[in-house]
Amino acid sequence: MTVRTRFAPSPTGPLHIGGVRTALFNYLFSRHHGGAFLLRIEDTDRERSTEAFTRSILDSLDWLGLERDQAPLFQSTRAARHAEVARQLLDAGHAYRCYCTPEELARMREQAAAEKRQPRFDVWRDRDPAEAPAGVSPAIRLKAPREGETVVEDLVQGTVRVANAELDDMIILRSDGSPTYNHSVVVDDHDMGITHVIRGSDHLTNTFRQVQIYRGMGWELPRFGHVPLIHGPDGAKLSKRHGAQSAIEFREQGYLPEALCNYLLRLGWGHGDVEVLDRAEAIRLFDIDGVGRAPARMDYAKLTHLNALYIRAADDDRLTHEVLERLAQRTDLSLGSIAAGRVRALMPGLKERARTLVELADSAAFLARTVPLPMEPKAAAQLAPEARIMLRELGQVLAGTEFSVPALDAALRAFAEAKGRKLGQVAQPLRAALTGSTMSPGIDAVLVALGREEVLARIGAVG
RNA sequence: GUCCCGUUCGUCUAGAGGCCUAGGACACCAGCCUUUCACGUUGGUAACACGGGUUCGAAUCCCGUACGGGACGCCA
């Protein structure tokens, strides 16, 4: 049997971090087993679903490199098929028409709560349809079994069982003829030939009821795998105050997609002591049975650490492109081809020090400034009168030095020695003059990236 | 409230009855490296929720308790 998985988001918001992980697990699982990974957009809630969110989700999946094997299926196009299946269930006696009003349902809910049991909503289950009130269009309810138990062999949660007496008769077709979530999911998963349903564990209890539809239709069950949810650092539901939540936000905050995927993969799944895995390794090693059962907390610090690793390993041209795009958003810089060249030239030194693309761009900003540079207070402190005098002399030396790292390094050391100073006492004022900061990549690399003309201009501006 | 699921360092995890004096990673602390900041490197603090069983032996199996999460919609 060829494995077919799917990711089925509803376009009522951007792709959430939990969704990213669910999509990733589905993707990795299908790739690991040489199967297919499909996408279904669950846009049956016409009120809240938007095209913009659909696009946004698609963009995020592309950004993450989770490519699908077929064009997405839009659930809203399948209403007729859902109704058809509901009709078949009705004809086969597995479902019935329910004429309850919302008020009656509320009353049943209350009563069940008072009796400390689950509501069943089954008053029309055995009632004569002839008693149906005129002018009320019925919803269609599934007949849940009353005796025995339903057992789900979950790939993640293990054997999960519930007494059938706990099950209610859920609605599969609303009174307006539209399908409910639990119904359309089953029909679509079946029709799409999905073999493995990997989704958030918030759907686990739905599964017991969905199973009844498969049984009623005589369809083969897919395997289920319910992965635990992601919580915020404090164990509570992930919320805005914790930090980024959607793929878009992580992207904006300068995280690389491969770092986010690596982090999310390791969250709730482990393979020995392996912490860093690229996509190929992930596909090779991932399997659903290795996923833990307990919810995991989001740890932004660990993600950031992983991101730093991936930035260091990333291609310089790619990073330069990302940085220039971010710098272009800023109004305090003069970004031209010269500055772009400097960014590219200094990228090897810059990327060693940045944990996110935001930090990387910030650290490169000085390359796109014009004199006089804005000075951080600590940098200004490096430029005492005698330091300025020293820099003027140093400028004269640099005017005649070859602009290569070895030559500049030698020149700087010779200069410091001649002045009876430590190298740091020369490098720090120079760094301040050139960058406006006390932190930067190695000073030789900065000199080379800036070029002689700009270096002398910046030294002149503080002298 | 009812049902389902879970619980190893602060966090993510390794661990499938003896290999555990419980390993790794992040974070934290200290040292080294050093032209700054990082990186790197060396070392350190730190966990089997609790209580009963089973067993020669339990982090690993069973039961209970506590705590946490999820689900209980004509939402998805």
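No experiment lies behind these values; they were computed from the predicted model shown. So that the names make sense, note that chain A is the first sequence line, chain B the second, and so on, each numbered from 1.
- Among the protein residues, A:Thr44 comes within range of the sugar-phosphate backbone only, with heavy atoms under 4.0 Å from sugar or phosphate atoms but none that close to a base.
- Remark: the backbone N or O of A:Thr22 is paired with a side-chain donor or acceptor of A:Asn26 at under 3.5 angstrom.
- Residue-level contact check: A:Tyr300 touches neither bases nor backbone, having no heavy atom under 4.0 Å from any strand.
- Checking B:A30 for Watson-Crick or G-U wobble geometry (two distances, each under 3.5 Å) identifies B:U42 as its partner.
- Syn is the glycosidic conformation of B:C39, whose angle stays within 90° of 0.
- In terms of position along RNA chain B, the nucleotide closest to A:Ala294 lies nearer the 5' end than the nucleotide closest to the other residue of the pair A:Ala294 and A:Asp409.
- Between the side chain of A:Thr180 and the backbone N or O of A:Ile171, at least one donor-acceptor pair lies under 3.5 Å.
- Here A:Phe29 and A:His196 bring their ring centres to under 6.0 angstrom of each other.
- Across all strands shown, A:His203 has heavy atoms under 4.0 Å from base atoms, whether or not it also approaches the sugar-phosphate.
- For the P atoms, the distance linking B:U55 with B:U60 amounts to 16 Å, nearest Å.
- Distance noted for atom C1' between B:G10 and B:C62: 31 Å (whole Å).
- Comment: A:Lys302 engages A:Glu275 in a salt bridge, judged by a side-chain N to carboxylate O separation of less than 4.0 angstrom.
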Report task. Take A:Glu110 and A:Arg107, measure what salt bridge (charged side-chain N to carboxylate O under 4.0 Å, His left out) needs, and give me the verdict at the end. Result -> CA-CA 5 Å; A:Glu110 276 172 39; A:Arg107 213 174 307 133; over 6 Å; no
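- Across the interface with RNA chain B, nearest-nucleotide mapping of A:Gly270 and A:Asp202 shows A:Gly270 to be the residue nearer the 5′ end.
- With hydrogens and angles left out, the side-chain atoms of A:Arg174 and A:Ser178 include a donor and acceptor closer than 3.5 Å.
- At a threshold of 4.0 Å, the pair A:Asp169-A:Arg146 counts as salt-bridged, since one of the basic side-chain nitrogens sits closer than that to a carboxylate oxygen.
- The distance between the ring centers of A:Phe25 and A:Phe286 falls below 6.0 angstrom.
- In this structure B:A76 sits in no base pair that meets the Watson-Crick or G-U test at under 3.5 Å.
- Checked against a 6.0 Å centroid threshold, the rings of A:Tyr310 and A:His305 do not count as neighbours.
- Heavy atoms of A:Gly200 sit nowhere under 4.0 angstrom from any nucleic acid atom.
- Residue contacts for A:Asn206: at a heavy-atom cut-off of 4.0 Å it reaches a base atom on one of the strands shown.
- Between the C1' atoms of B:U45 and B:A27, the separation comes to 12 Å (whole Å).
- Applying the Watson-Crick and G-U wobble criteria (two distances, each under 3.5 Å), B:U2 pairs with B:A71.
- Counting non-hydrogen atoms under 4.0 angstrom, A:Asp176 reaches nothing in the nucleic acid.
- If you check B:U35 for Watson-Crick or wobble pairing at under 3.5 angstrom, you find it has no partner at all.
- When heavy atoms are screened at a 4.0 angstrom cut-off, A:Leu229 is found touching the sugar-phosphate backbone but no base atom.
- The same atom, C1', is picked in B:A47 and in B:C12; the two are 13 Å apart, to the nearest Å.
- Backbone-only engagement by A:Arg293 is indicated by non-hydrogen atom pairs under 4.0 Å involving sugar-phosphate atoms exclusively.
- Residue-level contact check: A:Ser175 touches the bases, meaning some heavy atom is under 4.0 Å from a base atom.
- Counting non-hydrogen atoms under 4.0 angstrom, A:Arg297 reaches the backbone sugars and phosphates but no base.
- Nucleotide B:C48: unpaired (no Watson-Crick or G-U wobble partner with both distances less than 3.5 Å).
- First and last contacts of RNA chain B with chain A, using any nucleotide atom under 4.0 Å from a protein heavy atom and ordered 5' to 3', fall at B:G1 to B:A76.
- When heavy atoms are screened at a 4.0 angstrom cut-off, A:Glu275 is found touching base atoms of the nucleic acid.
- Proximity of a side-chain donor or acceptor of A:Arg209 to a complementary backbone N or O of A:Asp168 within less than 3.5 Å is not detected.
- Here A:Arg161 lies in heavy-atom contact (under 4.0 Å) with sugar-phosphate atoms only.
- Pair assignment for B:C56 gives B:G18, based on Watson-Crick or G-U wobble hydrogen-bonding distances that are each under 3.5 Å.
- When heavy atoms are screened at a 4.0 angstrom cut-off, A:Ser201 is found touching the sugar-phosphate backbone but no base atom.
- Within the shown strands, B:U7 is the pairing partner of B:A66 under the Watson-Crick or G-U definition, both distances less than 3.5 Å.
- At a non-hydrogen distance threshold of 4.0 Å, A:Leu423, A:Gly424 from residues 417-425 of chain A come into contact with RNA chain B.
- With A:Gln425 contributing its side chain and A:Lys422 its backbone, the two residues share a donor-acceptor pair below 3.5 Å.
- Nucleic acid contact class of A:Ile171 (heavy atoms, under 4.0 Å, all strands): base.
- Annotation for A:Glu84: atom CD counts as buried by contact number, over 12 foreign heavy atoms lying within 6.0 Å.
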